Student: 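Got a structure here, written out as structure tokens. Questions coming.
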Amino acid sequence: MLNRIVTLIFCVSVTIAAIAQTTPDSISTQEPNAIMGRPYKSFDTTSFCSYSSFHPSQYITDNNWDILCAFIQPGTVTKLDSLGIPYNKSQIRLLEVGDLLSSDKGVYTTSMKIFDKSETENIRQQSKEFVDSIFPVIEPEMRQLISDFAKAGYAKQTYSLIFSYLLDLYIWDEEQLGSPLNCEDHGTWSGVYWAMFESRSHDKVGTNGYGPVHQNWTDNLGYWLSSGKLLSFAREVMKTKGNRIENQEVIDAITGWGLTDEKGNILIPILHKNNNDNIDNLCRSITIQLSDAVKKYCSTWNKVHNISSERVGQIIFYHEVMWDLIDTLESKGMVAMPAILKGEEVGKQHFGDICFIVIDDSEKD
């Protein structure tokens with residue numbers, strides 16, 4: 001078990017970095033399907049990573065995105081000159097430090113995978129077909145899990161527990177699809193960072209983790225509790241193993257956000273992983289079936305799409321599968337996105353509707 005709280009960011013759209021991107025007129029394009037000249041904000045960027053100082057998106061400053069797009073096909077810096085892309089040595093070095101750009105004897109290659117329009121459409125078609133095939137297999141257990149969440153008093157958090165806990169957390173285990181902490185190290189971050197040509201039609205959905213405390217989010221989420229306060233809350237949760245917290249300063253800091261009452265009693269779901277109760281056994285069974293199917297499907301998939309490794313291929317493909325799974329669950333009326341995730345003005349007390357705590361019982365002393 002980690003002896004410090006590490007902020008894990010799963011499936012995070014890099015729009016959270018709030019970095020303005022510009023595309024010089026000299027490389028603007030009239031071709032709507034071209035990568036070159038397409039603004040960074042037009043891509044669907046996803047990071048499956050952990051980081052302690054710099055998130056990979058923080059290296060995309062100034063016109064660094066244009067540089068990365070230019071080196072999807074390897075070349076020397078003279079390639080930038082021929083394309084009319086301004087640059088300096090510091091920009092090149094920064095991208096190398098962030099491990100988004102690699103060099104070999106003066107030849108630069110973009111390390112980050114950037115998919116073009118046809119690849120993006122093809123992958124999403126493959127993902128939809130995969131989900132149409134696997135969903136009937138896991139549907140009975142999915143329905144039972146949703147029922148068990150309701151019986152446990154977690155009806156308000158069902159959407160977040162299915163998406164963030166089951167599909168975006170439980171499956172990222174070494175026995176299933178692995179963890180960002182166990183992915184390749186990139187200096188200031190570890191994991192995978194990639195870009196699809198364009199976004200899907202629905203909201204970007206993701207999960208932030210603060211030690212044992214996890215928060216579901218969308219781009220439209222209107223109520224955000226600061227990371228500092230969430231980390232303070234998480235530290236207290238770690239001390240009490242999910243029981244009532246006693247630090248009054250922390251209680252006061254999170255008052256009104258639906259996480260605890262005024263006495264420090266936890267108001268959000270507390271899930272015990274690896275304790276073999278009904279919920280845990282269902283989560284394990286569903287994610288094993290999903291991960292086994294993804295691994296089988298991706299045994300050669302990475303090579304077809306020129307992805308660096310089979311494991312990275314599994315991570316990228318499964319992230320598309322996640323969106324199609326949640327779409328399927330919503331279309332069948334099995335889950336519904338809570339109003340707070342849609343950006344509706346429901347009040348910050350509903351922040352607790354999208355949060356939960358995970359206690360891993362296998363890590364007990």
Side-chain angles (χ1 to χ4, degrees), residues 5-10 145-170 205-218 220-275 277-280 282-283 326 329 334-361 363-364:
I5 295 179
V6 178
T7 302
L8 300 181
I9 310 296
F10 297 107
L145 179 60
I146 291 169
S147 175
D148 284 359
F149 281 147
K151 291 175 184 177
Y154 304 154
K156 292 189 299 183
Q157 291 89 3
T158 296
Y159 181 93
S160 295
L161 291 177
I162 290 296
F163 180 84
S164 288
Y165 181 55
L166 178 72
L167 300 180
D168 199 16
L169 181 61
Y170 203 104
V205 188
T207 308
N208 287 354
Y210 307 87
V213 179
H214 300 270
Q215 174 217 329
N216 190 191
W217 59 264
T218 66
N220 287 328
L221 181 63
Y223 300 91
W224 288 85
L225 183 58
S226 71
S227 295
K229 291 180 179 179
L230 281 168
L231 283 168
S232 295
F233 174 52
R235 292 188 185 97
E236 297 305 311
V237 170
M238 291 180 72
K239 292 177 184 177
T240 66
K241 302 297 183 183
N243 294 315
R244 185 176 72 87
I245 67 172
E246 299 180 354
N247 188 319
Q248 193 61 48
E249 184 177 346
V250 173
I251 295 171
D252 291 343
I254 61 176
T255 293
W257 286 88
L259 301 177
T260 70
D261 63 18
E262 67 279 1
K263 296 181 179 179
N265 295 305
I266 305 295
L267 299 178
I268 59 178
I270 301 171
L271 302 165
H272 287 266
K273 187 178 180 183
N274 294 315
N275 74 339
D277 63 8
N278 289 341
I279 287 176
D280 188 57
L282 284 167
C283 288
I326 202 68
L329 287 162
M334 294 170 66
V335 299
M337 182 181 286
I340 187 173
L341 287 178
K342 298 176 183 178
E344 296 180 13
E345 297 292 326
V346 293
K348 68 179 185 180
Q349 68 272 19
H350 287 280
F351 189 74
D353 297 351
I354 58 173
C355 294
F356 57 92
I357 292 166
V358 180
I359 305 295
D360 192 338
D361 286 355
E363 297 175 345
K364 287 183 176 180

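In this text the structure is predicted, and so the values were computed from the model without any measurement. Just so you know, these numbers use all the heavy atoms, side chains as well, and skip hydrogens, waters and symmetry mates.
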Student: Can you list, pair by pair, the side-chain donor-acceptor contacts under 3.5 Å of residues 260-267, counting residues two or more places apart and other chains?
Tutor:
unit_1: Asp261; atom_1: OD1; unit_2: Lys263; atom_2: N; d: 2.9
unit_1: Asp261; atom_1: OD1; unit_2: Gly264; atom_2: N; d: 3.0
unit_1: Asp261; atom_1: OD1; unit_2: Asn265; atom_2: N; d: 2.9
unit_1: Asp261; atom_1: OD1; unit_2: Asn265; atom_2: ND2; d: 3.4
unit_1: Asp261; atom_1: OD2; unit_2: Asn265; atom_2: ND2; d: 2.9

Student: Taking side-chain hydrogen bond (donor to acceptor under 3.5 Å, both in side chains) as the test, write out the residues that go with Lys156, two or more places apart.
Tutor: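 So Lys156 forms no side-chain hydrogen bond (donor to acceptor under 3.5 Å, both in side chains) with any residue.
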
Student: Could you grab the distance from atom CG of Leu231 to atom CZ of Phe233, nearest 0.5 Å is fine?
Tutor: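 Rounded to the nearest 0.5 Å, the CG-CZ separation comes out at 11.5 Å.
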
Student: Restricting to non-hydrogen atoms, name the atom on Ile254 and the atom on Lys229 that form the minimum distance, rounded to 0.1 Å.
Tutor: CG2-O, 4.2 Å

Student: Roughly how far apart are Ile340 CD1 and Thr218 OG1, rounded to 0.5 Å?
Tutor: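 With rounding to 0.5 Å, CD1 (Ile340) is 9.0 Å from OG1 (Thr218).
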
Student: Under the rule for side-chain hydrogen bond (donor to acceptor under 3.5 Å, both in side chains), what residues qualify as partners of Glu345, not counting sequence neighbours?
Tutor: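 Glu345 satisfies side-chain hydrogen bond (donor to acceptor under 3.5 Å, both in side chains) with Tyr223 once adjacent residues are dropped.
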
Student: Let's go through Leu271 and Leu161 carefully: what are the C-alpha distance in whole Å and the side-chain angles of both, what is the deciding distance for side-chain contact (heavy atoms from CB on, under 4.5 Å) to 0.1 Å, and is it a yes or a no?
Tutor: CA-CA 10 Å; Leu271 302 165; Leu161 291 177; 3.5 Å; yes

Student: The criterion is side-chain hydrogen bond (donor to acceptor under 3.5 Å, both in side chains); which residues satisfy it with Asn243, sequence neighbours excluded?
Tutor: none

Student: Under the side chain to side chain contact (heavy atoms under 4.5 Å, CB included) rule, collect the residues that match up with Ser232, sequence neighbours excluded.
Tutor: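 Ser232 satisfies side chain to side chain contact (heavy atoms under 4.5 Å, CB included) with Arg235, Val250 only.
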
Student: List in chain and number order the residues that pass side chain to side chain contact (heavy atoms under 4.5 Å, CB included) with Gln248, two or more places apart in sequence or in another chain; answer none if no residue qualifies.
Tutor: Ile251, Asp252

Student: Does the side chain of Ile326 come within less than 4.5 Å of Val205's, by heavy atoms?
Tutor: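 When only atoms from C-beta onward are counted, Ile326 and Val205 do not touch, as no gap falls below 4.5 Å.
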
Student: Parallel under 30°, tilted from 30 to 60°, perpendicular over 60°: which one fits the rings of Phe356 and His214?
Tutor: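 Judged by the thresholds at 30° and 60°, the geometry between Phe356 and His214 is parallel.
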
Student: Taking all non-hydrogen atoms of both residues, which atom of Phe351 and which atom of Trp224 are closest, and how far apart?
Tutor: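 Nearest pair, atom of Phe351 first, then Trp224: CE1-CA, 4.3 Å.
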
Student: Side chains of Pro269 and Ile357: closer than 4.5 Å at any heavy-atom pair?
Tutor: no

Student: Run Lys273 and Ile359 through side-chain contact (heavy atoms from CB on, under 4.5 Å) and show every step you take.
Tutor: CA-CA 6 Å; Lys273 187 178 180 183; Ile359 305 295; over 6 Å; no

Student: Between CG of Leu341 and CG of Leu221, what distance do you get to the nearest 0.5 Å?
Tutor: 6.0 Å

Student: Stepwise, does the side-chain contact (heavy atoms from CB on, under 4.5 Å) test hold for Leu169 with Ser164?
Tutor: CA-CA 6 Å; Leu169 181 61; Ser164 288; over 6 Å; no

Student: Heavy atoms only: give me the nearest Gln215-Leu230 pair and the separation to one decimal.
Tutor: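 For Gln215 and Leu230, the tightest heavy-atom pair comes out as OE1-CD1, 3.9 Å.
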
Student: Mind checking salt bridge (Lys or Arg N to Asp or Glu O under 4.0 Å) for Lys239 and listing every partner two or more places apart, or none if nothing turns up?
Tutor: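 With sequence neighbours excluded, Lys239 shows a salt bridge (Lys or Arg N to Asp or Glu O under 4.0 Å) to Glu236, given in chain and number order.
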
Student: Ignoring hydrogens, what is the shortest heavy-atom contact between Leu166 and Cys283? Give both atom names and the distance.
Tutor: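 Of all heavy-atom pairs spanning Leu166 and Cys283, the closest is CD1-CA, 3.7 Å.
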
Student: Can you name the residues that form a salt bridge (Lys or Arg N to Asp or Glu O under 4.0 Å) with Glu344, not counting sequence neighbours?
Tutor: none

Student: Tell me, do Val335 and Phe163 make a side-chain contact under 4.5 Å, heavy atoms counted?
Tutor: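 Not in contact.
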
Student: Can you list the residues that meet the ring-ring contact (aromatic ring centres under 6.0 Å, His included) rule with Tyr170, with sequence neighbours excluded?
Tutor: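 With sequence neighbours excluded, Tyr170 shows a ring-ring contact (aromatic ring centres under 6.0 Å, His included) to Tyr165, given in chain and number order.
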
Student: For Tyr159, enumerate each residue passing the ring-ring contact (aromatic ring centres under 6.0 Å, His included) test, keeping only those at least two apart in sequence or located in another chain.
Tutor: none

Student: I'd like to know if the side chain of Asp168 and the backbone of Gly206 have a donor-acceptor N/O pair within less than 3.5 Å.
Tutor: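 Here the side-chain-to-backbone pair does not exist.
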
Student: Given 3.5 Å as the limit, does a donor-acceptor pair link the side chain of Thr158 with the main chain of Ala155, or not?
Tutor: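 Judged by distance alone, yes, a pair lies under 3.5 Å.
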
Student: Can you name the closest pair of heavy atoms from Val346 and Ala339 and give their distance?
Tutor: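 Closest approach of Val346 to Ala339: CG1-CB, 3.6 Å.
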
Student: Would you please name every residue forming a side chain to side chain contact (heavy atoms under 4.5 Å, CB included) with Ser147, sequence neighbours left out?
Tutor: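 Ser147 satisfies side chain to side chain contact (heavy atoms under 4.5 Å, CB included) with Gln144, Lys151 once adjacent residues are dropped.
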
Student: Of the non-hydrogen atoms in Cys355 and Ile268, which two are nearest, and what is the gap between them?
Tutor: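 Where Cys355 meets Ile268 most closely, the heavy atoms are O-CB, 3.6 Å.
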
Student: Any luck finding a side-chain donor-acceptor pair between Asp361 and Asn274 under 3.5 Å?
Tutor: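 No, because no side-chain N or O of Asp361 sits under 3.5 Å from a partner of the opposite role on Asn274.
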
Student: Between Leu225 and Leu259, is there a side-chain heavy-atom distance shorter than 4.5 Å?
Tutor: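 The answer is yes, as the side chains (C-beta and beyond) meet within the 4.5 Å cut-off.
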
